[in-house]
Amino acid sequence: MNKYLLGLLAVMVFSCTQNDDTIKVKGSDTEVNLAVQLAETFQEVTPDVFVSISGGGSGLGIASLLNGTTDLANSSRPINGEEMKLFHQEGIAIDSFIFAQDAVAIVVAKSLPLDSISTKQLAGILSGKYKNWSAVSTKNQPINIYGRQSNSGTHDYVKHQLDIQFSPRAKEMNGNAQILEAIKSDDSGVGYVGAGYVVHGGSKGIKTLPVYVESGAAAVSPLDGQMIAAGKYFFQRPLYQYFKTDSYQKLKPFLDFEKSAQGQRLIESAGYYPVKK
């Protein structure tokens, strides 16, 4: 069991007896490790406010905000029109906060003879148009795709960025960590994960492919902080937190901590990126 999962369990167990004073956070699997680290440090400096963290996907977080089982919905995508319609129907006003940036990393086995990939090649692979690695490399082997379920914000984000429908042969995994583990044992696999998962111990046996948009363009790595800050990586995105407007005062101490210098340092050390000013 990794230290982030232990931290998650610790935060949840510590918080479950403090229901009245607990800020409940639920949603994006991409954000969950970062949220745990922020919550742990926040509780050290603000011991009278408790934070519980759980994942499950962006869609689950937003649905939980609607039905009142969470205070803060983590989402790696913007809320969509259908979801907004449901909040309007219930007469619930919501607000949002962008607290960090994320880069989506394209990961393959370290043995794959490929050092970078174009967005056109990646679209061909993830849509199922290219079924064999020989289409983009010297390897002659069928491609195995490891992705997320449809309630994942990362699933939606990659699909819309590449303007594709995912191959029906793509294996739907429960989270970033499961995708990484699958590719470590499959030298013909490809997947997409939050870059923070690669930074923190997820890189053994795999490699992250720099991405370029067109022939001759520079390939950019999702681990290159300078290029992310300059907005040069194809798969970089804001990370959202949605909340009901009438709960802002309850959430304000935690939101302020995320925006603080200490919170921003934690965001960077976790493999994510500060919000561009």
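FYI, the numbering just counts along the sequence from 1. All figures in this text were calculated on a predicted structure; none of them were measured in a lab.
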If you round to the nearest 0.5 Å, how far is CZ of Phe97 from CG of Leu72? 9.5 Å

Would you name the heavy atoms of Asp71 and Lys250 that are closest together and state the gap between them? OD2-NZ, 3.3 Å

Judged by atom type as modelled, is there a donor-acceptor pair below 3.5 Å linking the side chain of Asn144 to the main-chain atoms of Ile183? no

Any side-chain heavy atom of Tyr146 sitting closer than 4.5 Å to one from Val107? no

Could Glu181 and Lys184 be called an ion pair, given the rule that one side-chain N must be under 4.0 Å from one carboxylate O? yes

Indicate yes or no for a side-chain donor-acceptor contact from Gln178 to the backbone of Asn174 under 3.5 Å, with no hydrogens or angles considered. yes

All heavy atoms of Val198 vs all of Thr208, minimum pair found to be CG1-OG1, 3.5 Å

Donor-acceptor pair, distance only, cut-off 3.5 Å: does the side chain of Thr70 make one with the backbone of Ala73? no

Start with the C-alpha gap between Ile179 and Lys171, add the side-chain angles, then the distance that decides, and say whether side chain to side chain contact (heavy atoms under 4.5 Å, CB included) holds. CA-CA 9 Å; Ile179 291 173; Lys171 299 173 177 65; over 6 Å; no

Side chain proximity check, Leu114 to Lys139, heavy atoms < 4.5 angstrom: no

Any side-chain heavy atom of Gln241 within less than 4.5 Å of one from Leu255? yes

Cationic N near anionic O, under 4.0 Å, Arg77 to Glu83: yes

Reported OG-to-OH distance for the pair Ser28 and Tyr240, which is rounded to 0.5 angstrom: 12.0 Å

Between Val32 and Asn74, does the side chain to side chain contact (heavy atoms under 4.5 Å, CB included) criterion hold? Intermediate values first, please. CA-CA 8 Å; Val32 71; Asn74 280 347; over 6 Å; no

Quick one: are Gln161 and Val104 in side-chain contact, heavy atoms under 4.5 Å? no

Greater than 12 external heavy atoms within 6.0 Å of Gln226's CD: no

Considering only heavy atoms from C-beta outward, does the side chain of Gln262 approach that of Val45 to under 4.5 Å? yes

Would you call Val158 and Arg148 a side-chain contact if the rule is heavy atoms closer than 4.5 Å? no

Heavy atoms of Gly194 and Asn176 approach each other most closely as N-OD1, 2.8 Å

Close side-chain approach of Ser76 to Leu239, heavy-atom, < 4.5 Å: yes

Report yes or no: do Val136 and Tyr212 belong to one cluster of Ile/Leu/Val/Met/Phe/Trp/Tyr joined by side chain heavy-atom distances under 4.5 Å? no

Under 4.5 Å between side-chain heavy atoms, hopping through other hydrophobics if needed: is there a path connecting Tyr242 to Leu60? no

Between the CG atom in Leu86 and the CG atom in Leu65, the distance rounded to the nearest 0.5 Å is 11.5 Å

Over all atoms of both residues, closest heavy-atom pair of Tyr273 and Gly271: CE1-O, 4.0 Å

Is Thr46 reaching over with its side chain to a backbone N or O of Val49, donor-acceptor style, under 3.5 angstrom? no

Taking Thr22 for the side chain and Lys24 for the main chain, is one N or O donor matched with an acceptor at less than 3.5 Å? no

Report yes or no: does Gln165 contribute a side-chain atom to a donor-acceptor pair with the main-chain N or O of Ser127 at less than 3.5 Å? no

Quick one: pull up CD1 in Ile62 and CG in Asn80 and give me the separation to the nearest 0.5 Å. 7.0 Å

When every non-hydrogen atom of Tyr272 is compared with those of Gln101, the smallest separation belongs to CB-O, 3.6 Å

Heavy-atom closest contact (Ala195 atom, Asp102 atom, distance): N-OD1, 3.7 Å

Show your reasoning for whether side chain to side chain contact (heavy atoms under 4.5 Å, CB included) applies to Val190 and Leu209. CA-CA 10 Å; Val190 61; Leu209 294 179; 5.8 Å; no

Side chain to side chain contact (heavy atoms under 4.5 Å, CB included) for Val108 and Trp133? Distances and angles first, verdict last. CA-CA 11 Å; Val108 295; Trp133 281 112; 4.0 Å; yes

Within 6.0 angstrom of Asp115 CG, more than 12 heavy atoms from elsewhere: no

Would you compute the distance between atom CD of Gln43 and atom CD1 of Ile23 and round it to the nearest 0.5 angstrom? 9.0 Å

Has the side chain of Ser137 got a donor or acceptor atom that lies under 3.5 Å from a matching backbone atom of Ser134? no

With rounding to the nearest 0.5 angstrom, report the NZ to CD1 distance, Lys259 to Ile267. 11.5 Å

If you draw a 6.0 Å radius around CG in Asn67, do more than 12 non-hydrogen atoms from other residues or ligands fall strictly inside? yes

Student check: side-chain heavy atoms of Tyr197 and Leu180 closer than 4.5 Å: yes

Ring pair (Phe, Tyr, Trp, His ring centres under 6.0 Å) assessment of Tyr192 paired with Phe166: CA-CA 12 Å; Tyr192 51 87; Phe166 281 106; 5.7 Å; yes

Would you call the rings of Tyr233 and Phe235 parallel, tilted or perpendicular, taking 30° and 60° as the class edges? perpendicular

